[in-house]
Amino acid sequence: MPLILTPNIDTPDDFYADLLATHDGLSKADSDALNARLILILANHIGDRDVLHQALVAAKGTPPAA
Amino acid sequence: MKKIFEIPLYPYARSTDQDAPEAIRHRVVIVGAGPIGLAAAIDLAQQGIEAIVLDDNDKVSFGSRAICFAKRTLEIADRLGCGQPMVDKGVVWNLGKVFFGDRKVYDFNLLPEDGHKRPAFINLQQYYFEEYLVNRAHALQAQGAPIEIRGRNKVTAVEQHDDHTTLHIDTPDGPYQIEADWLIACDGAGSPIRSMLGLDFVGRVFEDNFLIADVVMDADFPTERWFWFDPPFNQGQSALLHKQPDGVWRIDLQLGWDIDKEHEKKPENVIPRLKAMLGEDVKFDLEWVSIYTFQCRRMEKFRHNRVLFAGDSAHQVSPFGARGANSGLQDTDNLIWKLKLVIDGQAAETLLDSYDTERVHGAQENIMNSSRSTDFITPKSDTSRLFRDAVLDLSEHHAFARPLVNSGRLSLPCTYDGSPLNTADALDGPARTRPGSACPDVMLGGDSLLSALGNGFTLLTLNADAPDTLDEAGITVPRLALSSDDAALRDRYLGAADSAVYLIRPDQHVAARWPRFDEAETRAAIRRAIGKE
């Protein structure tokens, strides 16, 4: 399964506001910890190792291998 | 009463070799009477091959050292004739708890699979294992088997020749020399033989120190493995509590890198740490204290012509995951049948290169697993600690995070995928029994499949015809015929197939498998498994 890199979230502005609101009032350390938990939760939801690998590559800023 | 590790079990006795005018030649000399050296000697001797074990000491190892023995090790010990005392004495455990900070985050149960003769793990002090091996060696010797353990025989120099090795040995009566057709170095992580031969031992040193304490106490702690990440009594570090026989508990406390080892080892400094962990009121005695540093490294090659390295002398891993002694036993299990075939002239010396290939593969796997555990237990960067703590936080409420918690992945036998001794898989069967795998056990009435396999090759047939024995290249392969009325047998060896034929090596690894017997293919697979194809 290829990693989805085209728009896939309904109402993106609402999601973005949610993401920021979740971090509201947190210290840098608490925010970092929340982000780490979020990554792990989302990664588990995706599950597929190949998709996860493509996501890691995409996040690093190099094009995913064909 | 003296502890077993205080009694000389193989005291020095003068050998006739010391009075010989010239160095006496022996078939196999093993340096090191630890578990790996003793296992190698027993395996050889019970198949009629002379094995002389040299050790600079005369006692079993001091302190508990390796304590967790995996099922595969017990199965190998069964073949060597000392599995039963290990299981009788050892503590069987399946339950554990993981703590993070001041709270328990979850419990686990290893839920061992049914239908095996041996438990998934036992905890047993290494000195007991060594005692049972020494007893077995002495029993074999009493029956006339060619095995001898020479205590206080310290190897001081070795000279390699094309077809033998000369050993210079120091004893309480002065020096002497012997020659060995084959030398197996089982002399531990600091292997003097390796140093004498100027061989490499490279890898990664983990900048951390761990205090191990064996504590004797009567306490209500259950028979469980308890692991703490960042506990209040050892802040920023980790801790482990695990039960051994005789009311001895293994305690492991991470200390960090920048410490004074001699200072930390003193009882007056150890005892307050243990009280903080166990509670002020718990009464205990310290049996053994040691501080160790993690290393994950291996030799580039385990075979150097007529010198073979096995166990810690060849590879060293962090202790989390019980991959030291357990993998060392798999080394000798792999090596000895090959060495016997070479000594008996049934295989070429090059068969021993497959020992190198297969066990280097095993060592790589162990080093990878052990490095990953160490990276989880002792995060090396802020980001790595951030994710580690996130996993532990999530594990309290979400089952998905628990498989990510890594306080040691417990040793499983290595599958020799891609080994030159394997024949391509021809059965649409279970992945766990593909060529290269260690045979999983199955209970067959009162006995078990692995006990029925013996020390040689076996042709296992399931719902399939085959001759009762097959002779190929000087090897006699008896058939073991079973029918699949047992669910575990079906599940482990047939899968979707209706019938199967397995060629099983002397170390109980699968060499080849097919849906039915084909004589030409079976003969080719036997030749391939002994390096002749």
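What you see is a predicted model, and the numbers here were worked out from it, not measured in a lab. Computed from heavy atoms alone, side chains included, the values below leave out hydrogens, waters and symmetry copies.
- Heavy-atom contacts from other residues, nucleotides or ligands closer than 6.0 Å to NE2 of A/H23 number more than 12.
- Looking at every heavy atom in both residues, A/A36 comes nearest to B/A390 through CB-CB, 3.7 Å.
- Residue-environment remark: OH (A/Y16) stays at or below the threshold of 12 foreign heavy atoms within 6.0 Å.
- Put simply, CG on A/L34 and CG on B/D393 are 10.5 Å apart, with the number rounded to the nearest 0.5 Å.
- Taking CZ of A/R37 as the start and CG of B/L386 as the end, the distance is 9.0 Å to the nearest 0.5 Å.
- Around the CZ atom of B/R103, the shell of radius 6.0 Å holds more than 12 heavy atoms that belong to other residues, nucleotides or ligands.
- At most 12 heavy atoms of other shown residues, nucleotides or ligands fall within 6.0 angstrom of atom CG in B/D382.
- Atoms CG and CG, from A/N44 and B/L404 in turn, are 7.5 Å apart once rounded to the nearest 0.5 Å.
- Residue A/I4 qualifies as open at atom CD1: its count of foreign heavy atoms under 6.0 Å is 12 or below.
- Contact annotation for A/I39: only side-chain heavy atoms (C-beta onward) come within less than 4.5 Å of a heavy atom of chain B.
- Here the NE2 atom belonging to B/H398 is positioned 11.0 Å from the CG atom belonging to A/L40, to the nearest 0.5 angstrom.
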